[in-house]
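Below is one structure, written out as structure tokens; comments come after it.
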Amino acid sequence: MKDVNERYRNFFQDVYEVVRQVPPGRVTTYGAIAHYLGSRQGARTVGWAMQAAHTLRGDEFVPCHRVINRLGQLTGKQFFGSPTAMQQALEAEGIVVQDDQVQNFPQLFWDPSAELQP
DNA sequence: GGGCTGACATTGA
DNA sequence: TTCAATGCCAGCC
């Protein structure tokens, strides 16, 4: 609370933290992360954080392939270098992806606000 | 220094 | 019911 301004600065950091907490075989959405951060409509910024995240690596690695839109579509697959890399990554974890769309999405959905408590 | 864009989501009509 | 407009933050021109 002392630094409300810093909270925004940690927005990316917080996004990475949440995405890293996503267990294998599960997926989350931009809105869920944004809601967890306190900004429902900030989902757009979360997507921007993902773009910056895919440039990171090593300790800062973020499983962006587990982050998709609420429609279950692999919107950012094109940023993985290969249009199927994201799908391959998800399938490797047991997630069924068909036509760039995650099957049983509601079942695989992982809500940080519900699973992860602040 | 100011304005636009971007891997989305929610609300209103 | 569906379509359109709005809101958010950070990076880039």
Side-chain angles (χ1 to χ4, degrees):
Chain A
M1 288 284 212
K2 58 178 186 177
D3 350 28
V4 178
N5 241 337
E6 255 189 34
R7 196 169 85 75
Y8 295 124
R9 230 182 76 178
N10 293 333
F11 200 91
F12 275 40
Q13 190 78 15
D14 215 350
V15 172
Y16 303 149
E17 190 92 4
V18 175
V19 177
R20 268 190 244 163
Q21 299 306 311
V22 179
R26 300 285 178 183
V27 292
T28 187
T29 66
Y30 303 96
I33 299 172
H35 182 70
Y36 177 77
L37 297 179
S39 300
R40 315 176 292 191
Q41 302 174 323
R44 226 171 156 188
T45 311
V46 176
W48 200 237
M50 294 293 98
Q51 189 190 45
H54 94 85
T55 57
L56 298 174
R57 54 196 71 180
D59 297 340
E60 299 296 332
F61 172 75
V62 180
C64 2
H65 61 270
R66 294 178 190 159
V67 184
I68 54 185
N69 62 358
R70 83 175 186 82
L71 299 179
Q73 294 180 312
L74 284 56
T75 44
K77 64 173 185 177
Q78 52 185 323
F79 288 85
F80 276 73
S82 295
T84 54
M86 191 172 185
Q87 182 174 341
Q88 296 285 324
L90 291 173
E91 288 181 342
E93 296 184 353
I95 301 175
V96 180
V97 182
Q98 192 168 49
D99 192 30
D100 300 337
Q101 194 169 315
V102 177
Q103 304 301 307
N104 301 331
F105 172 64
Q107 185 179 346
L108 300 173
F109 177 64
W110 185 83
D111 190 352
S113 299
E115 304 294 334
L116 192 70
Q117 297 179 357

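Below, chain A is the first sequence line, B the second, and so on; all start at residue 1.
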Sugar-phosphate only, base, or nothing, as touched by His35(A) at under 4.0 Å among non-hydrogen atoms: nothing
Donor-acceptor list for residues 40-54 of chain A side chains, cut-off 3.5 Å, not counting sequence neighbours:
residue: His54(A); atom: NE2; partner: Gln51(A); partner atom: O; Å: 3.3

Among dA7(B), dG7(C), dA9(B), the nucleotide that comes nearest once only the side chain of Ala43(A) is considered: dA9(B)
Atom C1', compared across dC3(C) and dA7(B): separation rounded to whole Å: 23 Å
For atom CD of Gln41(A) and atom C1' of dC8(B), their distance in whole Å: 11 Å
Partners passing side chain to side chain contact (heavy atoms under 4.5 Å, CB included) against Asp100(A) (at least two apart in sequence or in another chain): Lys77(A), Gln87(A)
Separation of atom CD1 in Ile33(A) from atom C1' in dC9(C), rounded to whole Å: 14 Å
Distance, rounded to the nearest Å, where Arg66(A) contributes CZ and dA7(B) contributes C1': 17 Å
Tabulated below should be each protein N or O lying under 3.5 Å from an N or O of nucleotides 11-13 of chain C; please produce it.
residue: dG11(C); atom: O4'; partner: Trp48(A); partner atom: NE1; Å: 3.1

Rounded distance (Å) that lies between atom C1' of dA10(C) and atom CG of Asp14(A): 15 Å
Sugar-phosphate only, base, or nothing, as touched by Arg70(A) at under 4.0 Å among non-hydrogen atoms: sugar-phosphate
Fellow cluster residues of Phe79(A), listed by chain then number, with links counted only when side-chain atoms sit under 4.5 Å apart: none
Proximity to the side chain of Arg40(A) - top-ranked nucleotide from dC8(B), dT10(B), dC9(C): dT10(B)
Whole-Å gap separating P (dA9(B)) and OH (Tyr36(A)): 19 Å
Backbone of Gly72(A) reached by a side-chain donor or acceptor of Asn69(A) within 3.5 Å: yes
From CA spacing to verdict: side chain to side chain contact (heavy atoms under 4.5 Å, CB included), Val102(A), Val96(A): CA-CA 6 Å; Val102(A) 177; Val96(A) 180; over 6 Å; no
Residues in side chain to side chain contact (heavy atoms under 4.5 Å, CB included) contact with Gln88(A), at least two apart in sequence or another chain: Thr84(A), Glu91(A)
Phe79(A) CZ - dT5(B) P separation (whole Å): 16 Å
Separation of atom CG in Leu71(A) from atom C1' in dA9(B), rounded to whole Å: 10 Å
Whole-Å gap separating P (dT10(B)) and CG (Leu37(A)): 14 Å
Side chain to side chain contact (heavy atoms under 4.5 Å, CB included) against Pro23(A), all qualifying residues, sequence neighbours excluded: Arg26(A), Trp110(A)
